[in-house]
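Because the structure is a prediction, the values reported are computed rather than measured.
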Amino acid sequence: YWVVRVAGGIYKGHRIVWEQHNEPLKLGEFNDHKFGDSTNNKVEDLSVVDRQRNQRNRGIGKNNKTGTVGVILRNDGTNYHFRAKWHSLDGKRHEKSFNIRKLGYDEAFRLACEYRAKMIAELNEQGAGYTERHGT
């Protein structure tokens, strides 16, 4: 993201552009880059979304170790497993584990990825708004 220092404060460039052409963002509102290009700050390519929708549009995090958003490798002390994680529409966190010892590494990973994709598809059917940009 482009950032600008003004009067001792640091502001994201896309927010400045948005607020020059529209009203200021309210608490809990975020700018979304419609096409996923964080360097594109054209006002027509920005929209206002809530935190959940903004998270559903974000790409893969730089700390992601599995290469799949919402699928993590965990050790519970006795077993390694892949865990598929997601949040329901009411904001509750959910997860399902796939044991590597029982299933094998590749199969546990595949099942965790498939399960998370299934849960995201079900959430989208309920209007969650995950986009094709989520996790890419």
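Linking ILVMFWY residues whenever their side-chain heavy atoms come closer than 4.5 Å, directly or via other members, leaves Val69 and Phe109 in distinct clusters. Under a hydrophobic clustering in which Ile, Leu, Val, Met, Phe, Trp and Tyr are joined whenever their side-chain heavy atoms come within less than 4.5 Å, directly or via other members, Leu111 and Ile120 fall into the same cluster. Hydrophobic clustering keeps Ile72 apart from Tyr115 (ILVMFWY residues linked when any side-chain heavy atoms are closer than 4.5 Å, directly or through intermediates). A chain of hydrophobic side-chain contacts below 4.5 Å, direct or via other Ile, Leu, Val, Met, Phe, Trp or Tyr residues, connects Phe98 to Trp86.
At distances below 3.5 Å, at least one donor-acceptor pair connects side-chain atoms of Asn64 with backbone N or O atoms of Thr68. No donor-acceptor pair closer than 3.5 Å links the side chain of Arg116 to the backbone N or O of Val71. Between the side chain of Asn124 and the backbone N or O of Tyr130 there is at least one donor-acceptor pair closer than 3.5 Å.
Side-chain contact between His87 and His94 is absent, with no heavy-atom pair separated by less than 4.5 Å. Two residues are said to be in side-chain contact when any heavy atoms from C-beta on lie closer than 4.5 Å; Val4 and Ile10 fail this criterion. For the pair Leu73/Lys65, no side-chain contact is recorded, criterion being any heavy-atom separation below 4.5 Å from C-beta on. Residues Phe82 and Thr66 meet the side-chain proximity criterion, which asks for heavy atoms closer than 4.5 Å. Using a 4.5 Å heavy-atom threshold, the side chains of Tyr80 and Tyr105 count as separate.
Across all their heavy atoms, Leu123 and Ser88 have their closest contact at CD2-CA, 4.0 Å. When every heavy atom of Ala112 is checked against every heavy atom of Ala84, the shortest pair comes out as O-CB, 3.5 Å. Of all the heavy atoms in Asn40 and Leu46, the pair that sits closest is O-CD2, 4.2 Å. Minimum heavy-atom separation, Asp76 to His81: CB-CE1, 3.7 Å. Of all heavy-atom pairs spanning Ser47 and Lys34, the tightest one is CB-CE, 3.8 Å. The minimum heavy-atom distance between Asn99 and Arg101, with the atom names listed, is OD1-N, 2.7 Å.
Remark: the Arg15 side chain and the Asn31 side chain contain no N/O donor-acceptor pair separated by less than 3.5 Å. Looking only at atom types and distance, the side chain of Thr39 has no donor-acceptor partner in the side chain of Asn41 under 3.5 Å away.
In this structure, CD on Glu23 lies 9.5 Å from CD on Glu19, to the nearest 0.5 angstrom. A distance of 15.0 Å separates NZ in Lys85 from CE in Met119, rounded to the nearest 0.5 Å.
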- Task: List the steps, then state whether side-chain contact (heavy atoms from CB on, under 4.5 Å) holds for Val43 with Asn22.
- Result: CA-CA 9 Å; Val43 69; Asn22 300 282; 3.7 Å; yes
- Task: Applying side-chain contact (heavy atoms from CB on, under 4.5 Å), run through Trp18 and Leu25 and close with a yes or a no.
- Result: CA-CA 8 Å; Trp18 179 264; Leu25 295 174; 3.7 Å; yes
- Message: Let's go through Tyr11 and Trp2 carefully: what are the C-alpha distance in whole Å and the side-chain angles of both, what is the deciding distance for ring-ring contact (aromatic ring centres under 6.0 Å, His included) to 0.1 Å, and is it a yes or a no?
- Response: CA-CA 9 Å; Tyr11 303 91; Trp2 293 95; over 10 Å; no
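Ionic pairing of Arg110 and Glu114 is present here: one or more N-O contacts between side-chain nitrogen and carboxylate oxygen are shorter than 4.0 angstrom. Of the charged side-chain nitrogens involved, at least one lies within less than 4.0 Å of a carboxylate oxygen, so that Arg83 and Glu95 count as a salt-bridged pair.
Surrounding CD of Glu44 are more than 12 heavy atoms belonging to other residues, nucleotides or ligands, all under 6.0 Å away.
With respect to Gln52, the side-chain contact (heavy atoms from CB on, under 4.5 Å) criterion is satisfied by exactly one of Val49, Asp50, Asn54: Asp50.
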